[in-house]
Each structure stands twice: as C-alpha cells, then as structure tokens.
Amino acid sequence: MRQDNTTNDKTGELITGSEALMRALQLEGVKTIFGYPGGSIMPVYDALYDYTRGEKKAFDHVLVRHEQGATHAAEGYARVSGQVGVCIVTSGPGATNTLTGVADAMLDSTPIVVIAGQVPVSSLGTDFFQEVDLVGVAQPISKWSYQIRRAEDVAWAVSRAFFIARSGRPGPVVLDFPKNAQTQKVEFRPEKVDFVRSYVPYPKLDQEAVQAAADLINNARKPLALVGQGVELGNAQEELVALLEKADIPAGRTMLGLSALPSTHPLNVGMLGMHGNYAVNLKEQECDVLIAVGMRFSDRVTGSLKTYAKQAKVIHLDIDKSEINKNVKADVAVVADCKESLPAITKLLKKNDHTEWRESFRPLHEKERVKVIEPAIHPTEGPLLMGEVVNAVAEATKGDAVLVTDVGQNQLFATRYFKYPRHRSLCTSGGLGTMGYGMPAAIGATFGAPDRTVVCFMGDGGFQMCIEELGTIMEQQAPVKMILLNNNYLGNVRQWQDMFWNRRKSFTRMMNPCYELIAQGYGIPYVAVTERNELPAAVAKMLATPGPFIMECAILEDDDVLPMTPPGSSVDDMKLEV
C-alpha cells in the first residue's frame, strides 16, 4: 500500500505504460535522455520515438555506445545543470552495465534516475532470457530502487523517483520496468509525490545547535572552514561566502567542492586532501575550530583519523544525519540544508578579523609554490608535464570552462591547477574513483551546460576504458575538448609502485594505439603535442575548432603528483618531494 502524499487529476485517457512513462518524464521537466535500446525496453523506445520528433517532441535522446556511458553522461548532465540526469536501458546486461554509474552517483550524491527494462512479471524467477534481479542488486548502491509491475503505478513511481533523487542529499534511483507493465493499458492520471513516510529530506534546523556553532566561531582564534560539494548541491554558495567574510575564516575545499568557492576569493586557501595544497592540510592540525560544511570527512581528506585535528573543536554542517560522527566526532552538529543553516549561523556571528591567522598560511603557500607549483606549471626543460598542460588550458579558457576529468594522475593534476571562478564547474568521480568516467560525463556536461566550453582531461588508461563513446561524440558532434595526457602508464598506480612498492612496476606500463588514426576513424579533429613550444598553438586550435577535438600530449613518463600525504599517514605528514 502506498504511504506517500500524492496529488492527481481525476480524468485520463487509455494509453500504454510506455506512453505513461513519457508523459510522467515530461511532467518532471526532463529534456535530455541518455540510453541504449534492447528487447525488454523496446515498447518504451517505441513510445519514445514519437516524443523525439514532430508535434510531440519533448526530449533529446542521446544514443550512447555502452550503458555505463549512459549513467556517467547522466551524471555529467546533473552535475553541471543541477537537474536530475536520466538514462534508459534494457534488462540483463544492459541493466547491470549501469551499476558502476549508479554506485558512482551514490557516493558522489549525484541525482540520476535509471530506467531499465525487465522481463514480464509472469517470467520473473524463471531465469528468463536477460533476467537479472535488478532491484536486489541495485538496492545497496542506490537511494531507492523499485520495480514497476503495473502500468497504473508508472506515474506514481516516476514522481516518487524524481522526488527522492533530487531532494535532501541527492542520489541515484533505479526503476525496474517489466515488459508487461510497459504494454498494459492504463487511464493516465498525472501524480505528484511530495512526501514519503519515514523519509525526511530536509531536517528541521535546531536553533540550539546554531547558537552553539556561532559561539564556537565567535570565540575562535584560528578557525578553518572545510567546504564540500554539499554547498553546490544546496545552491548555498552565496550563503557560504557571507559566513566566511563576516567571520574572516580561511576555507579549504574538498575536490568535489572546488567550484563552491571561487579560486580567486581571498579566503580560499586551497584544496584539501592527499594531493591537495600544503598550507591548508598542515593548518588542519593547528586550527582551534574546524567548520565542515557539506563534506563527509573522506579518508582522502583526513589521512589517519587517529591524529586528525585532535586539537580542534569540530562543527559539522550536513543535511545527512548519517554523516555526523561517522568518521570525525563533531562537538556541534547542525543537521539541515546548508542553504538554511549557513545564514542562520551567520546572523549570530560577530564581525571578526583573523588577519594574523590567515597570514600564517602564506609561508607554507610560498614553500609549495617554489618547490612544487612553479616547476609543475612553468618547467623550462625536459618533456611536457601534466601540470603545464592543465595550466595552459586553464589560462586559455580564463577558468570559465567546465572541467571534466577521468580518474588518476590526470584528475589530480587537473583539479589542482584548473581555475574555478564559476559554480558547478567540475565533474569528476570522487568517492568511487571510476576510470572511464571522463568521456561520457563530458558528453553529458555539454548537454547540461550548452553555453559553456567543456574540457575533459584523461590519461591513456581511462581514455581507453570508455573509448567507444567517441562514437556518441561523433554522432552528436558533442563539443567535448578532449585532452589526452599520454605517459604510456597507468600513472597513479605507477607512482604508488615507485613510492611504496620498491619501484616494481607490475603491469602498469601500457602499449597504446595510434590515437591519431582513432580520431581519424571517428572524424574528430586531432593534434599531437610533443614539444613544449607546440602547446600554446595546439590549445588555441583546440578551443577555436567547433565541435569535438582531441589534443594528445606526450607526457614525462614518471611525472609525479605532489604534494602527497602517504596513505595511512597523518595529514600533516604531507611530502613536497619524493
């Protein structure tokens, strides 16, 4: 029995469950669908045909080349647009191919809805062709998974799915759609779910916690804010800046939270984490009040929990109560939407000045600049480095582009050296670390932010993991500017092997194809950069060429990402050199 609050009209016409799905998606404001057809989803695709052309046209459908690519494209779309990403696939392998993207979206709080075909209800449990218990498999890695067994439940299930996916802490929802429900006839009644029993997406703000947080901040001598993606998800960027500026608090940003605070803001003190900036990581061990906003104290941020910020009082602002005290004990927990909690705290803050504390970051910034940053982005000799390529693209785009990365050294160099003057400017796989994420996510980003340049940095390993999506880029002429950082290695694993495994490079060197011929086969413009003096012209050509482009850069094979906190070490054990 349904336990939701729903509203619906009392009139309807007799249509199929597949047609009902189209209408329900329209009601949710869906404009773009990423997908791949197959036997068990064919009735839906037949209905979709009319909704992508003619008078009924409501959607753009993007035919991906692999179902995993559909989920990552939906993620990229969601991350830059702030809307729910949607993909439609068939049953069996089609559905299981989406699971990596579902898990990725779950860990990174990305709102997507995956709609998968399923064998008829009468055939469930018989090992029918391409039958998989998708609900059972997806349940642990999704925010909600549900099987629509009757056409009459389509409108309700879709509305509930979108409500759950986009509300509170966002996340992925999986709808399993048996074929009989797709073909059954139903009197369509639009429904709107805005309440689910036992689901509280927006906890009530506790004023006592707000007061306690304000008191700690007002009395702090060395406050430090840690800004996570929750600020972006809650659209609370302005509220964050107001709090930081009133209390004069320096702020570090997690990788996923990099564009929540402009790179150029004077209170921005860098990126947190294993490969973040030197000063902010060391100062976490010196601050007296730590204000975490919309972040989950990932192990890649904290290093060893045994030594992490033991001297500090911790204020944790998060919409998800399960994150409180999960990794780091909070002295004050403010469980609410940061769009509401940040201004409530700011209202109680005194205008403050922490100039001396902020100035203490400068010598550490300078040490990193001299030892790491300048050699990485302005080398004068030797092979090309990843940092200088990223810096060249960042400078040429004036930081106005959307940055998409794959996973590995390309991700770490790109996120470190790109610029983020605008919100929602980064798509990268954080919690799951999914190689192959970059290319399809970049496709989704071009549909989610069609007015912005989308640049995608990939290593030679990740590029090949979803290389088939070049077909999608070719067909759509998606204007993805692909920067292939080719060092002939699985670079991040190679770096760890060199640092922690006695340089035993076990199966990390790669034999690579001729990427120029691959680009030619897909009809995508291409340029190779092998010398430093070729880089500016190549970047300019890439950005000036309409549509997609591949720029392959031959990178120093043992280029290492620094600084680095060794795994399991204290956050202030960060190394500036190998």
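Note that the structure is a prediction, hence the values are computed from the model and not measured. Both backbone and side-chain heavy atoms feed into the values below; hydrogens, waters and symmetry mates do not.
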Going by the rule side-chain contact (heavy atoms from CB on, under 4.5 Å), which residues pair with [X] if we only count those two or more places apart in sequence or in a different chain?
X      : value
Val137 : Leu99, Val132
Asn486 : Asp460, Leu484, Asn488, Asn512, Tyr515, Glu552
Gln184 : Arg150, Ala151, Asn180
Tyr199 : Lys143, Phe163, Ile164, Ser167, Val196, Pro201

Chi angles and distances behind the salt bridge (Lys or Arg N to Asp or Glu O under 4.0 Å) call for Arg509, Glu557: CA-CA 10 Å; Arg509 185 166 181 83; Glu557 288 191 348; 3.1 Å; yes
Residue Tyr51 excluded, over 12 heavy atoms near OH under 6.0 Å: yes
Taking 4.0 angstrom as the limit, do [X] and [Y] come out as a salt bridge?
X      : Y      : answer
Glu28  : Arg166 : yes
Lys57  : Glu55  : no
Arg23  : Glu13  : yes
Arg494 : Asp498 : yes

Student check: side-chain heavy atoms of Thr415 and Leu426 closer than 4.5 Å: yes
Heavy-atom check, side chain of Gln409 versus side chain of His275, under 4.5 Å: no
About how many Å separate [atom2] of [Y] and [atom1] of [X], when rounded to the nearest 0.5 Å?
X      : Y      : atom1 : atom2 : answer
Leu14  : Phe188 : CG    : CZ    : 13.0 Å
Asp406 : Cys466 : CG    : SG    : 8.0 Å
Ile115 : Ile33  : CD1   : CD1   : 7.0 Å
Phe177 : Ile148 : CZ    : CD1   : 5.0 Å

Residue pairs, two or more places apart or on separate chains, that pass salt bridge (charged side-chain N to carboxylate O under 4.0 Å, His left out) and touch residues 481-491: none
Pairwise salt bridge (charged side-chain N to carboxylate O under 4.0 Å, His left out) hits with a residue in residues 110-131, at least two apart: none
Inter- and intrachain pairs under ring pair (Phe, Tyr, Trp, His ring centres under 6.0 Å), touching residues 467-492, at least two apart: none
Residue pairs, two or more places apart or on separate chains, that pass ring pair (Phe, Tyr, Trp, His ring centres under 6.0 Å) and touch residues 68-114: His72-Tyr437
Quick one: closest heavy-atom pair of [X] and [Y], and the distance?
X      : Y      : value
Val480 : Cys456 : CG1-CB, 4.0 Å
Thr446 : Ala478 : OG1-CB, 3.9 Å
Arg253 : Gly257 : CB-O, 3.8 Å

For Ser322, side chain to side chain donor-acceptor pair (under 3.5 Å) partners two or more places apart: Asp320
Pairing residues for Lys321 by the side chain to side chain donor-acceptor pair (under 3.5 Å) criterion, not counting sequence neighbours: none
Main-chain N/O of Thr32 paired to Asp60 side chain as donor or acceptor, under 3.5 Å: no
Mutual orientation of the aromatic rings belonging to Trp144 and Tyr146 [parallel < 30°, tilted 30-60°, perpendicular > 60°]: parallel
Stepwise side-chain contact (heavy atoms from CB on, under 4.5 Å) check, Val389 with Leu485: CA-CA 8 Å; Val389 176; Leu485 302 174; 3.8 Å; yes
Show every donor-acceptor pair shorter than 3.5 Å between a side-chain atom in residues 438-445 and any protein atom, with sequence neighbours excluded, or say none if there are none.
none

Residue pairs passing the side-chain hydrogen bond (donor to acceptor under 3.5 Å, both in side chains) test where at least one lies in residues 85-99, sequence neighbours excluded: Ser40-Ser91, Glu67-Asn97
